[in-house]
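Worksheet: the structure to be examined is printed underneath.
Throughout, numbering of the chain's residues begins at 1 and tracks the sequence.
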Amino acid sequence: MIEIIAHNLAPVMFITVMAMLLIGYPVGFTLAAGGLIFFFLAVELSIFAPGEITLSPTFLGLHANRTFDIMRNEVLLAIPFFTFMGLILERSRMAEDLLDTIGQLFGPLRGGLAFAVIIVGGLLGATTGVVAASVIAMGLISLPIMMRYGYNRPVATGTIAAAGTLAQIVPPSLVLIVMSDQLGRSVGDMYVGALYPALMIMGMYCAYIFVLTLVQPKWVPALPPETRTLGGGILSLFAIIAISVVIHYAGMNFLYAGMSYENRFVSSATTATLFALGVSLINRRFKLGLVSRLTEQVIIVLIPPLALIFLVLGTIFLGIATPTEGGAMGATGALVLALLKGRLNLKTLKEALDSTTKLTAFVMFILIGARVFALTFYGINGKIWVEELLLSLPGGETGFLVVVTVIVFILGCFLDFFEIAFVVVPLLVGPAETLGIDLIWLGIILGINLQTSFLTPPFGFALFYLRSIAPRQDWDDEVTGERIKGIETMQIYRGVIPYIAIQFVAIMVVIFFPRIVTHYNDDAPVIDIDNVTIELPSLGGQDAEGNAVGLPGIGGSGMPSAPNFGNEGGSGLPGLQLTPLGGPPSLGGDDGAASGGDSDAPAPAFGLPPLDLNATPPPTDQ
């Protein structure tokens, strides 16, 4: 029995630790405790499986350096930066302003509030990057309005929950930062690869709402005219957008033509944006009537978060800043925006710093525990066990991706994405590289998968967040005075089912059309190894005419001025020919006299004496 356990210690360890996590023990301590307990158990069982267990007590000393390696990882600095940025923006009530303004913009359309929720969910994902903050903010603001004007309850709750989870896949997502670190790939490449899938998912959400406006228009009604406090004037919005595009084009091709592409793009985009914002602010200040009130409000509310998104993602995509530097700029920009809106105070700053510290410490403890777990798991050949298990799946690359998708989806129903990223994802790297799978592609698939798991009943975290703020009891609406029924849990569950189906379709699209992700390396230089030519520089200097002169040949004809070391032609060093043992070496001259003592010429003075194996060795001094 003991020998069986020793030979199968890797699956026993993995199943035991997963069971402890599912029970609900703290993640970081569970991983560390499991790694240490099985470490000592493996050392004791190593005599029964010496070829499979390669651990010894001295390996415990490696944990100190592995822990310091985590602390020195600059990529992980992006986590506190982006977390702090999102918390500051959340407390500055940016989500409230965005939902109110975009809701007014799309209000005349059927499903306008649902479209607004999806768009704001994407914008919040690109600025806050935190699912809980997005779901709670949009639930508190949008859900009462949707209920007030007759939205179908499952549609309203499902749209809010699904839009909030966009923070999982829209850059700069914390999931993508952690995923890139565990996969050993660039955060910038991960962001670029996630851009098109994120936009595709938002488009699929909007397409679903559009279909509902056609087949079930009563479920997604338009806002009544009396609620559109900003009025009309959509044509002036299109006009100012068109003028800004022209300014951007002129800046790219004329005003900043002498700059590099990156600087031209940034400068021209900044000029066009400042133009639109300046016109709106001057129009509001002096009441000139240049643009409509709706256009004025949309530009003033939308440009600051969009500028912040460009400050973070634009500089990363253009190669101006690293993700860590982009996160630092984003945090600074969030502070500036909150200050300009008059919503930054000491209490808000303290709460944001406290929450950022807690989340960062939480992530670091999980990562340290995962390193302790990994040392033991790899030492008992756990990595080989996982690789053999995954590589034996039918279907090759596609079969691997489908099975991994199912496994991660099931685990995502019970475990947080940090736990999956630190425990499961590193085990997938080896088999994926063996199958030739692009790791950025794999990371995006896993990111969408984890986003889906946030919606899955009954354990989806987004459902818990929405359930915590959705009223269970009936309430009186403050605007209409009507009695509105509470939200049932089953209504929330029914509402997310169509979005779960959309997520699975998105995963399949990314699996079968990898170019949606792998476009990130289109600009990478392609090197044909077969046509590479290596030219070494000349070591002989130049002659009087400037031509390169090589070193003289040894034993052949070198430079004309090569000295004569015994050859009549002065052709460089003579060729050295070996002789049989017992005779002296011969210098290969023109007479062709070979070695071996057949020539009448005396042996050179520097030749070795004949070797006599039967001679008596000379006496040694005592």
In residues 182-191, what donor-acceptor pairs under 3.5 Å come from side-chain atoms, sequence neighbours left out?
residue : atom : partner : partner atom : Å
S186    : OG   : G188    : N            : 3.2
S186    : OG   : D189    : N            : 3.4

Has F210 got more than 12 heavy atoms of other residues, nucleotides or ligands less than 6.0 Å from its CZ?
no
If we ignore hydrogens and angles and just use 3.5 Å, is the side chain of N283 paired with the main-chain N or O of L290 as donor and acceptor?
yes
Reported CG-to-CD1 distance for the pair L105 and I119, which is rounded to 0.5 angstrom:
8.0 Å
Is I102 close to L302 at the side-chain level, that is, under 4.5 Å between some pair of heavy atoms?
yes
Nearest 0.5 Å, what's the CD1-CG distance between I299 and L277?
8.0 Å
Got L463 and T157 here, is their nearest side-chain heavy-atom distance under 4.5 Å?
no
How long is the span from the CG atom in L76 to the CG atom in D181, to the nearest 0.5 Å?
4.5 Å
Under 3.5 Å: donor-acceptor pair, side chain of R153, backbone of G486:
yes
Are I487 and L143 close enough that some pair of their side-chain heavy atoms sits under 4.5 Å apart?
yes
Does the pair L401 and I437 meet the rule for a side-chain contact (heavy atoms from CB on, under 4.5 Å), with working shown?
CA-CA 9 Å; L401 292 175; I437 295 175; 4.1 Å; yes
What I'd like to find out is whether the side chain of I469 reaches to under 4.5 Å of the side chain of V135, using heavy atoms alone.
no
Given side-chain contact (heavy atoms from CB on, under 4.5 Å), test L166 with Q451 step by step and report yes or no.
CA-CA 7 Å; L166 288 171; Q451 179 191 353; 3.7 Å; yes
Parallel, tilted or perpendicular for F106 and F115, by the 30°/60° rule?
tilted
4.5 Å side-chain heavy-atom contact, L359 and L174:
yes
If we ignore hydrogens and angles and just use 3.5 Å, is the side chain of S267 paired with the main-chain N or O of R264 as donor and acceptor?
no
Give the intermediate values and the outcome of side-chain hydrogen bond (donor to acceptor under 3.5 Å, both in side chains) for residues R467 and T489.
CA-CA 7 Å; R467 176 71 278 177; T489 301; 3.1 Å; yes
Do Q216 and V220 have side-chain heavy atoms sitting under 4.5 Å apart?
no
Could you check whether any side-chain N or O of Y151 sits under 3.5 Å from a backbone N or O of L113, counting only pairs where one atom can act as donor and the other as acceptor?
yes
Basic-acidic side-chain contact under 4.0 Å: K358, D354
no
Is the closest side-chain heavy-atom distance between I507 and F409 below 4.5 Å?
no
Quick check: closest heavy atoms across G139 and P144, and the distance to 0.1 Å?
O-CD, 3.6 Å
Backbone N or O of G193 within a donor-acceptor pair of the W441 side chain at under 3.5 Å?
no
Main-chain N/O of A352 paired with S355 side-chain donor or acceptor, under 3.5 Å
no
Exercise: identify the closest heavy-atom pair between I444 and I169
O-CD1, 4.2 Å
Parallel, tilted or perpendicular: rings of H519 and Y196 (30°, 60°)
parallel
Has the side chain of T83 got a donor or acceptor atom that lies under 3.5 Å from a matching backbone atom of P80?
no
Spell out, as yes or no, whether a donor-acceptor pair under 3.5 Å connects the side chain of T360 to the backbone of T357.
no
Identify the two heavy atoms, one from T295 and one from L237, that lie closest to each other, and give their separation to 0.1 Å.
OG1-N, 3.1 Å
Assess, by modelled atom type and distance only, whether the side chains of Y205 and Q503 contain a donor and an acceptor separated by less than 3.5 Å.
yes
Could you state the interatomic distance from OH (Y208) to SG (C206), rounded to the nearest 0.5 Å?
13.0 Å
Rounded distance [0.5 Å steps], CE in M259 versus CE in M252
11.5 Å
For the pair R284 (side chain) and I300 (backbone), establish whether a donor and an acceptor sit closer than 3.5 Å, ignoring hydrogens and angles.
no
Going by atom types only, do Y256 and T271 share a side-chain donor-acceptor pair under 3.5 Å?
yes
Looking at K485, I'd like to know if its NZ atom is crowded, meaning that more than 12 non-hydrogen atoms belonging to other residues, nucleotides or ligands lie closer than 6.0 Å.
no
Any side-chain heavy-atom pair of T348 and R343 under 4.5 Å:
no
Expected output: side-chain Q168 to main-chain T165 donor-acceptor under 3.5 Å:
no
Shortest non-hydrogen contact from M146 toward A156
SD-CB, 3.5 Å
Listed partners of F422 passing ring-ring contact (aromatic ring centres under 6.0 Å, His included), at least two apart:
none
Can V404 and L446 be said to form a side-chain contact (heavy atoms from CB on, under 4.5 Å), step by step?
CA-CA 8 Å; V404 167; L446 295 178; 3.8 Å; yes
Reported CZ-to-OG1 distance for the pair F513 and T518, which is rounded to 0.5 angstrom
12.5 Å
Atom of V175, atom of G447 and distance for their closest heavy-atom approach:
CG1-CA, 4.4 Å
Determine, step by step, whether V178 and V425 satisfy the side-chain contact (heavy atoms from CB on, under 4.5 Å) criterion, reporting the C-alpha distance in whole Å, the side-chain angles of both residues, the deciding distance to 0.1 Å, and the verdict.
CA-CA 10 Å; V178 174; V425 172; over 6 Å; no
Nearest heavy atoms of L337 and P304, plus distance in Å
CD2-CB, 3.5 Å
